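This report concerns only the one structure given below.
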Amino acid sequence: MKIGAVTEVFPGENRVAMTPDSATQLAKLGHSACIQSGAGMKAGFSDALYAAAGVTVLPTAAEVIAASDVIVKVRGPEAAELATFAEGQTLISFFWPAQNPELLETAAKKNLTVVAMDMVPRISRAQKMDALSSMANIAGYRAVIEAGNNFGRFFTGQVTAAGKVPPAKVLIVGAGVAGLAAIGTSVSLGAIVHAFDVRPEVAEQIESMGANFVFLEFEATQDGAATGGYAAPSSPEFREKQLAKFRELAPEMDIVITTALIPGRPAPKLWTEDMVKLMKPGSVIVDLAAERGGNCDLTVPDQKIVTDNGVSIVGYTDFPSRMAAQASTLYSTNIRHMLTDLTPKKDGVILHNMEDDVIRGATVAHVGAVTYPPPPPKIAAIAAAKPKEKVKELTPEERRAAETAAFKAQTRNQVGMLVIGGGLILLAGLYAPASFMSHFIVFVLSVYVGVQVIWNVSHSLHTPLMAVTNAISSIIIWVH
């Protein structure tokens, strides 16, 4: 099959769906590749680099489409672009079928097979094709960079001859892929980071990265197992508690990065106008949900505004495109992995197996029919978070009884070991010479001291390997 990539026509889009490296990998699957001249220039990939990788460079998009069996894109096609496709071709791109039902119907009527990279199911096997996560990772990182660009102070705290600089306080709302990337970047820059998410199971992830989880006391918090790893709409009661907590935090925060999105819905409003008014002059809000209406009431998509009280609100919708080289590299790799699954025999022949969970989930149009929405995958998206069982508190009588039982068991074990050990030494003394026994008794005593003094050191101070190594070292020292 011939795989073709065209220049993105969406204004300001700098990414490209095929890189020279990904084209080289496609050749190993038995495919050939072609690309529109200049398609990779904005991402730093010249026509010469593609030609060196064996890619045919064609002057126009029409020629690429006419020559290709499979067209790969970043953004979904415009209606005019879709009209140029031939029947039976395959399109792989972001498509957003729920938001573009008419475009999807048109594609199905043209007998196109449409693989939507935004519909790849979130199961372990499909992680290598999860383009949403790849782009969200970049967006989260870039959001922190944009926040720093608009923030008038350091992220990290410093003590200098000129005075003390306090660290910036950062709040990340939503700890999905973008949120976790923003947390990692903020922590590495030295900020004090707080993060909130409606899914309680992500608290450990947040804390393991060095951030503080903003805990909300509410019994009916949901986990992400039932929603494929995504957040779901919250109840009105939970939302009120959530907003109250944010109002409490707003005056303290220097930077707020919001990442909350719900699939198929407008972005939830989580940072209200009154919260913005509570923030200090010079504070920054970066709204990663701006393309879907924004999490902040005052967000203006594709613009940065400054409020009357001096708060900068960044509503850019092209964060991955602002890092086009990196984004193109990751996205083209996602597509290459998708084509690997579509080419099981690596013979250049596409086999569209609709029994495969990943291929079926991502396919939104096939053989003249709309196949969206897909059935639930046979494999659960994530494991449900098991609530921790509460340890039953013992009464004083029960505690004493347990301690007595433990003492008796330990005593029995020790007496048993002494009896067995003494018997073995007595048996050895009946047959071994006296010189051997004196050395043997010293060895036994050194082993005992090593175990009692060193081996029992808590692993919080030493790794298990270090504890064992030290025990052996002490045995050797006592023997000598």
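Note that the coordinates shown come from a computational prediction; the quantities given were computed from them, not determined experimentally.
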How about Tyr141: does its OH atom have over 12 heavy atoms from other parts shown lying under 6.0 Å from it?
no
Kindly say whether Asn14 contributes a backbone atom to a donor-acceptor pair with the side chain of Arg322 at under 3.5 angstrom?
no
If we ignore hydrogens and angles and just use 3.5 Å, is the side chain of Glu207 paired with the main-chain N or O of Glu204 as donor and acceptor?
no
State the CD1-CG distance between Ile71 and Leu82, to the nearest 0.5 angstrom.
10.0 Å
Give the minimum heavy-atom separation between Met18 and Ile35, together with the two atoms involved.
O-CD1, 4.2 Å
Salt-bridge criterion met for Glu237 and Lys241 (N-O under 4.0 Å):
no
Give me the atom names and distance for the closest heavy-atom approach of Asn295 to Asp287.
N-OD2, 2.8 Å
Audit row: Met129, Asp341, side chain to side chain contact (heavy atoms under 4.5 Å, CB included) steps and yes/no:
CA-CA 10 Å; Met129 297 168 247; Asp341 272 26; 3.2 Å; yes
Tell me if the NZ atom of Lys109 is crowded by more than 12 foreign heavy atoms within 6.0 Å.
no
Is the closest basic N to carboxylate O distance between Glu403 and Arg400 below 4.0 Å?
no
Does some side-chain heavy atom of Asp197 sit less than 4.5 Å from a side-chain heavy atom of Gln205?
no
Quick check for you: to the nearest 0.5 Å, what is the distance between Leu330 atom CG and Asn137 atom CG?
7.5 Å
Is any side-chain heavy atom of Val6 closer than 4.5 Å to one of Ile65?
yes
Would you say Arg247 and Leu243 make side-chain contact, with heavy atoms under 4.5 Å?
yes
Donor-acceptor pair, distance only, cut-off 3.5 Å: does the side chain of Ser283 make one with the backbone of Met279?
no
Does the side chain of Thr19 come under 3.5 Å of the side chain of Asp21 through a donor N or O and an acceptor N or O?
no
Taking Ser332 for the side chain and Thr329 for the main chain, is one N or O donor matched with an acceptor at less than 3.5 Å?
yes
Answer yes if the side chains of Arg122 and Ser133 hold a donor-acceptor pair under 3.5 Å, and no otherwise.
yes
Considering residues, nucleotides and ligands other than Met41, do more than 12 of their heavy atoms fall under 6.0 Å from its CE?
no
Assess whether side chain to side chain contact (heavy atoms under 4.5 Å, CB included) is satisfied between Phe155 and Ile255, documenting all intermediate values.
CA-CA 10 Å; Phe155 270 70; Ile255 294 170; 3.5 Å; yes
Are Ser312 and Asn150 linked by a side-chain donor-acceptor pair shorter than 3.5 Å?
no
How far apart are the C-alpha atoms of Val173 and Ile257, what are their side-chain angles, what is the distance that settles it, and do they pass the side chain to side chain contact (heavy atoms under 4.5 Å, CB included) test?
CA-CA 6 Å; Val173 181; Ile257 298 174; over 6 Å; no
For Leu104 versus Tyr372, what's the shortest heavy-atom pair and its separation?
CD2-CB, 4.0 Å
No-hydrogen, no-angle side-chain donor-acceptor test under 3.5 Å, Asp318 and Ser321:
no
Salt-bridged, Glu252 to Lys280, with N to O below 4.0 Å?
no
I would like to know whether Phe215 and Phe196 meet ring-ring contact (aromatic ring centres under 6.0 Å, His included); could you show each step before the answer?
CA-CA 7 Å; Phe215 180 73; Phe196 174 84; 9.8 Å; no
Can a donor-acceptor pair be found, under 3.5 Å and without considering hydrogens, that links the side chain of Gln89 to the backbone of Ser68?
yes
How long is the span from the CZ atom in Arg360 to the CE atom in Met354, to the nearest 0.5 Å?
4.0 Å
Walk me through it: do Asn334 and Ser134 pass the test side chain to side chain donor-acceptor pair (under 3.5 Å)?
CA-CA 8 Å; Asn334 294 142; Ser134 296; 2.9 Å; yes
Can you give me the closest heavy-atom contact between Thr363 and Thr371, atom names plus distance?
O-OG1, 2.8 Å
Flag this pair as yes if the NZ/CZ of Arg142 is under 6.0 angstrom from the six-membered ring centre of Phe319 and inside a 45 degree cone about the axis; otherwise no.
no
Working to the nearest 0.5 angstrom, can you tell me the gap between Ile3 CD1 and Thr90 OG1?
8.5 Å
Between the side chain of Gln303 and the main-chain N/O of Tyr316, is any donor-acceptor distance below 3.5 Å?
no
Could you check if a side-chain atom of Gln242 sits within less than 4.5 angstrom of a side-chain atom of Leu216, using non-hydrogen atoms only?
yes
Using a 3.5 Å distance criterion without hydrogens, assess whether the side chain of Thr24 forms a donor-acceptor pair with backbone atoms of Pro20.
yes
Would you confirm whether Asp254, through its side chain, and Ala168, through its main-chain N or O, come within 3.5 Å as a donor-acceptor pair?
no
Does a side-chain N-to-carboxylate-O contact under 4.0 Å join Arg125 and Asp130?
no
Candidate pair Phe94 and Tyr331, rule ring-ring contact (aromatic ring centres under 6.0 Å, His included), full reasoning
CA-CA 10 Å; Phe94 286 114; Tyr331 180 67; 5.2 Å; yes
Within the side chain of Glu13, is there an N or O that forms a donor-acceptor pair under 3.5 Å with the backbone of Arg75?
no
Any heavy-atom pair between the side chains of Ile350 and Leu339 that's under 4.5 Å?
yes
Only residue of Leu249, Ile172, Val256, Leu171 satisfying side chain to side chain contact (heavy atoms under 4.5 Å, CB included) with His194 is Leu171
I want to check something: taking the side chain as every heavy atom from C-beta on, are Ser22 and Thr333 in contact at a cut-off of under 4.5 Å?
no
Can you establish whether the number of heavy atoms outside Asp308 located under 6.0 Å from its atom CG is more than 12?
no
Kindly check if the number of other-residue, nucleotide or ligand heavy atoms within 6.0 Å of CZ (Phe213) is above 12?
yes
Flag yes if more than 12 heavy atoms outside Glu355 fall under 6.0 Å of its CD atom; otherwise flag no.
no
Quick check for you: to the nearest 0.5 Å, what is the distance between Met338 atom CE and Leu342 atom CG?
6.5 Å
Is the shortest heavy-atom distance from the side chain of Val358 to the side chain of Ile123 under 4.5 Å?
yes
Would Thr113 and His352 count as having a side-chain donor-acceptor pair, cut-off 3.5 Å?
no
Does the side chain of Leu103 come within less than 4.5 Å of Phe95's, by heavy atoms?
yes
Tell me, with the steps shown, if Lys73 and Glu8 meet salt bridge (Lys or Arg N to Asp or Glu O under 4.0 Å).
CA-CA 7 Å; Lys73 282 178 51 56; Glu8 298 296 320; 3.1 Å; yes
Looking at Phe85, is its backbone amide N or carbonyl O close enough to the side chain of Lys110 to form a donor-acceptor pair, meaning the two atoms are under 3.5 Å apart?
yes
Nearest 0.5 angstrom please: Thr258 OG1 to Leu270 CG, how far?
7.5 Å
Let's go through Arg336 and Lys28 carefully: what are the C-alpha distance in whole Å and the side-chain angles of both, what is the deciding distance for side chain to side chain contact (heavy atoms under 4.5 Å, CB included) to 0.1 Å, and is it a yes or a no?
CA-CA 11 Å; Arg336 190 252 299 173; Lys28 295 178 181 178; over 6 Å; no
On a heavy-atom basis, which atom in Gly174 and which in Thr259 lie closest, and how many Å separate them?
O-OG1, 2.9 Å
If every non-hydrogen atom of Val9 is compared with every non-hydrogen atom of Glu81, which pair is closest and at what distance?
CG2-OE1, 3.5 Å
